[in-house]
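A short worksheet on the structure shown next.
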Amino acid sequence: MGDRLLVTPSPHVKSTKTVQGIMLDVVIALCPAAIAGTVLFGFRSALIILVSVASAVASEALYQKAVKRQVSINDFSAVITGLLLALTLPPHVPLWIPAIGAAFAIVLVKQVFGGLGNNFLNPALAARAFLLAAWPLHMTQDWVNPMTYDAATSATPLAGFNATGQTAFTLKQMLLGQRPGSIGETCILALLLGGLYLIVRDIIDYRIPLGYLGTLAIGTWIFGKPGAFFQGDPLGAIFLGGAFIGAFFMATDYVTSPVTPRGRLYMGIGCGLITLVIRLWGGYPEGVTYAILFMNLVTPLIDKYVVPRYYGSGHDKMARKGGR
Amino acid sequence: MKENRASLGYDFIKGFIKENPTFALAVGMCPTLAVTTCLVNGFWMGVAVIFVLTFSNVLISLLRKLIPDEIRIPVFIIMIATPVVIVELVMKAYLPEMYSILGIFVPLIVVNCIVFHRAEAFAYRNPVLNSAMDALGSGMAFTLNLMLIGGIREFLGTGQIAIGNVVFPKAPLFEPAAVMLTPPGGFITLGVLMALLNIVIARVGKRKQA
């Protein structure tokens, strides 16, 4: 029996990864950021996260029941959408905002296009863009000071940083997340922990966050200081704002990012460039949402043109050039 | 082609579901997205289109045997432009406020795809009465569509629906979503309604097959 020749069609290399397993890993990776957000901005943040996740899961189940599709809430993808959306919201938004946002993300961005794997935009970010356009006051003013939990009256640190090229926050404050901001974006250490976990577990490709944060840091170093070149603060650029959570958790979404390694690098660089342009010369203080959404739209184009060389191909060209 | 009285009812009714100009054929998208920020705008835009469509359909159907095939498009444009100018002047005189809101979209009815579509696809090859019913059906369906989109956008975007001086409900019941009054809100509303009508069409088709 043992020496029988088996002839089977491809694929021959199989992976033990499942959709459920990958999604669960992402949920685990987001936990540090969620916990940090709750510690920094108070119990209300946990409530927002809870409402958002519950609304996402419930919308997925209800919609799939309504159109008589198989209910797939146990693959955790709706949980991630709800979690990611909540982490990008200001800590003082009314609770109906995450509820509506998560339902919008699941039903209008994901399910109507065919469910997981068929959406052309990152659902959480598309919902955030929708909320920002629908209730701009809540989405840009409901900030909270960390640890004291009182309402922050100043603009977000990023707006000042974009205008002057410098920030009053120390490196330690920025790493621990002790600044006003969205629930899950401030604590860089927690995000880094989750991101590295995903890279080590081979869930996400390091090229997207590297390309994104690298481009943003270098670009800010060159252009970030008004009136001078090569004097910007690269660390402030990637630590103050949503670039970290965006680069590790949103731009790396499988469905809406390129499949080839080189394409992923381009995706990261593209996100970094658009974020930089919006921050420094655009009308909004933060450009992470729109940058990633825009690169989501370009992803099919990248996949079409950035194709790896087939093994053994390209000899004709070399011969014509007079090479070996 | 003789007048076909049997299909008069069908010619009228088909504009609402099967050949719904906005949701099934996706023609006339410019005014559909541009002027539907409230219910009343949608209504008056629709009325203007009903008048132009009926006028031009009847005219084209009457002259369909005289219009040379090669130059029919320019001829259609002249026949459509006539009622458009009438509507424009009447609106300027009696509804100046509405005219200033609808603005360029009233003269633009000349190149409205619904009017062209009905002229080319129906009036040019069908008798007068049928063409008139076709125009009324399509026009009224278009008006209903605009009022529906406008009503939904106005309600979600401002929390209220205003018809003249009557506002309902008196105070908004929820915090209005400003996005619904902007172009993205128009696209979202249009997309959702289009999807719903397609579900209806698919269900009806299935029942007919069964």
Side-chain angles (χ1 to χ4, degrees), chain A residues 51 55 59 62-69 85 89-90 92-115 118-123 125-142 283-284 289-290 293-294 296-297, chain B residues 20 22-24 26 29 32-39 145 148-161 169 171-210:
Chain A
V51 168
S55 166
S59 328
L62 285 177
Y63 184 88
Q64 287 178 327
K65 273 243 158 74
V67 299
K68 303 196 178 84
R69 253 182 234 154
L85 175 68
L89 296 177
H92 252 195
V93 289
L95 288 177
W96 50 264
I97 283 205
I100 293 176
F104 179 90
I106 294 294
V107 175
L108 283 185
V109 187
K110 187 173 149 199
Q111 287 296 346
V112 291
F113 291 99
N118 293 310
N119 48 301
F120 65 100
L121 288 174
N122 182 316
L125 279 181
R128 188 188 141 78
F130 171 79
L131 292 174
L132 191 62
W135 295 283
L137 290 184
H138 283 304
M139 292 295 286
T140 54
Q141 293 188 357
D142 291 355
Y284 294 100
T289 308
Y290 299 116
L293 285 177
F294 186 83
N296 285 165
L297 296 178
Chain B
N20 187 308
T22 316
F23 300 131
M29 285 293 122
T32 306
L33 290 164
V35 304
T36 54
T37 47
C38 72
L39 190 134
N145 297 340
L148 197 63
I149 300 176
I152 292 174
R153 287 178 70 185
E154 185 182 5
F155 185 68
L156 294 178
T158 63
Q160 294 167 317
I161 289 186
L173 303 170
F174 53 89
E175 207 163 320
V179 69
M180 296 313 285
L181 298 180
T182 61
F187 277 107
I188 291 170
T189 318
L190 178 69
V192 171
L193 288 175
M194 212 178 243
L196 289 177
L197 190 87
N198 276 324
I199 293 174
V200 172
I201 292 176
R203 290 260 161 95
V204 170
K206 241 183 222 166
R207 208 170 295 158
K208 267 191 190 153
Q209 273 181 0

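- Note on B:Pro176, B:Pro184, B:Ala195, B:Gly191: by heavy-atom pairs under 4.5 Å with chain A, the leading option is B:Pro176.
- To the nearest 0.5 Å, atom CD1 of residue B:Ile188 and atom CZ of residue A:Phe130 are 5.0 Å apart.
- Residue B:Ile199: no heavy atom, backbone or side chain, is found under 4.5 Å from chain A.
- For the pair A:Trp135 and B:Glu175, the tightest heavy-atom approach, listed with the atom from each and the gap, is NE1-O, 3.0 Å.
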